[in-house]
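This one's a predicted model, so the numbers in the text were calculated from it and none came from an experiment. What's counted below: heavy atoms across the whole structure, side chains too, no hydrogens, waters or symmetry copies. This chain uses plain numbering: 1 for the first residue, then up along the sequence.
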Amino acid sequence: GLLASIAQTETELAAMGAQLAEAVSAEQRLAARAEVLAPVRAGLGGDPSGLSLLRRAAQENSLALVAELADIVTAPPELDAAIAAALGPLLNAALLHDPSSALDLLSQSQGRAALLPLDHLRAASLDSSLAGAVANRDDALGIAAELVKCDPKYRPLVNALLGRVVIARTRHAAQQIAPMLPDGGAAVTLSGEIFFANGAIIAGLDSSASVLALAREWRDLPAENERAKEARRNFENTRAARETDLLRLRGQRDDAAAALRGLQTAERAAVETRDAAKLELERAEAEARLRRDQIASLEAQLAKASADESALSLELESLTAEAADAERAAQDLAAQTGQRAADELAEALAEWHTR
């Protein structure tokens, strides 16, 4: 019913409030993370001041910085250490078409930076000889260049930098694969150990893997932030819609309550009218019974009067007959006794009539 719908909507709104609060918190966390990453990115690399200088120059439009290598290479997280080790100092390289301006800036500062001049780099394709080194080996993940993603326009550059690097699962596998590689090739373990084809080894812990992780996180932050904002907007819109529904349902409830009160008032008025009519009917019925009793009494009186009238008529008829008989007797007597007796009888009869 209506009350159940209102209760359900209120419950949904409470849940949406919690979800919206979580969405707002997620958005705030991403914004806070962006604030933390911004200065961290400014300090990436072994000597970050050179790269920071180039970034500031690019922001001021005094340097045409195309991109940073760490930003254009996308590797699975489990390969971060291996790819970072394979790229070495070039991991934080700045991509430019012409390095002249960057070289001038760096020559006037204390910082150093790796540069990749796109117009002067020798494009390269994958070395087919590496295929045999990784063929049918479960302990080799593949050629590093093929294990990372990038914009197609940067693929020749990535092939030149990682096309002679094989990613091995273990140190033992890397030691076996390295001698099979062409000059300049290397086998890199997942932990970042590098075994070169010429026998050289670079080992030990290196924090450069975090560069790719931070770059990936920085690269993903705008999309994640937009998704968080979209989720927050969706929750806000949904909650606003449900609040509108709740207001509508409450309005319907109030209208129904008002209608009910009106009906209850009408019902009470109808009951009062019915009771008044019932009382009036009872009074009318009592009045009718009284009138019927009066009519019955009058009818009884009328019947009695009629009966008395009938009795009197009978008595009168009897007296009339008696008078006629007496008159005839008197006539007979007068005839017999003479006029005098008739007169006396006539007087007697006259006296009788006067009674």
Indicate the atoms forming the closest heavy-atom contact of [X] with [Y], along with that distance.
| X | Y | result |
| --- | --- | --- |
| A113 | G50 | CB-C, 3.9 Å |
| I177 | A168 | CD1-CB, 4.3 Å |
| P99 | L115 | CB-CD1, 4.3 Å |
| A187 | A178 | CB-N, 4.1 Å |
| A82 | T189 | CB-O, 3.4 Å |
| I194 | A86 | CD1-N, 4.4 Å |

same_hphob_cluster([X], [Y]) at 4.5 Å side-chain heavy-atom cutoff:
| X | Y | value |
| --- | --- | --- |
| L181 | F195 | no |
| L79 | I202 | yes |
| L90 | I167 | yes |

Only one of L157, N159, V158 passes side-chain contact (heavy atoms from CB on, under 4.5 Å) with L161, and that residue is L157
Checking L95, V73, L51 against E68 for side-chain contact (heavy atoms from CB on, under 4.5 Å), the one that qualifies is L51
Could you give the distance from [atom1] ([X]) to [atom2] ([Y]), rounded to the nearest 0.5 Å?
| X | Y | atom1 | atom2 | result |
| --- | --- | --- | --- | --- |
| N237 | E230 | CG | CD | 8.5 Å |
| S100 | L105 | OG | CG | 11.0 Å |
| L260 | T265 | CG | OG1 | 9.0 Å |
| S5 | R248 | OG | CZ | 8.5 Å |
| E243 | T9 | CD | OG1 | 11.5 Å |
| E315 | E322 | CD | CD | 9.0 Å |

Check whether [X] reaches the backbone of [Y] with its side chain - one donor and one acceptor, N or O, closer than 3.5 Å.
| X | Y | answer |
| --- | --- | --- |
| R164 | D183 | yes |
| S306 | L302 | no |
| R239 | G17 | no |
| R55 | L65 | no |
| T320 | L316 | yes |

Non-hydrogen side-chain atoms of [X] and [Y] separated by less than 4.5 Å:
| X | Y | value |
| --- | --- | --- |
| Y154 | L69 | no |
| I72 | D151 | no |
| L190 | L141 | yes |
| L63 | L54 | yes |
| D255 | Q252 | no |

Tell me whether the count of non-hydrogen atoms from other residues, nucleotides or ligands lying under 6.0 Å of NE2 in H172 goes above 12.
no
message: Counting only heavy atoms not in D138 (residues, nucleotides, ligands), do more than 12 fall under 6.0 Å from its CG?
response: no
Residues passing the salt bridge (Lys or Arg N to Asp or Glu O under 4.0 Å) test with R171, sequence neighbours excluded, are E193
- Message: Please determine whether salt bridge (Lys or Arg N to Asp or Glu O under 4.0 Å) holds for the pair E236 and R233, giving the CA-CA distance in whole Å, both sets of side-chain angles, and the decisive distance to 0.1 Å.
- Response: CA-CA 5 Å; E236 287 176 341; R233 288 192 292 265; over 6 Å; no
Ion pair present between K278 and D275, side-chain N to carboxylate O less than 4.0 angstrom?
no
Item to complete: Apply salt bridge (Lys or Arg N to Asp or Glu O under 4.0 Å) to E272 and R268, showing your working.
Response: CA-CA 6 Å; E272 292 174 357; R268 288 193 295 271; over 6 Å; no
Residues 279-301 vs salt bridge (Lys or Arg N to Asp or Glu O under 4.0 Å), sequence neighbours excluded, gives E280-R283, E287-R291
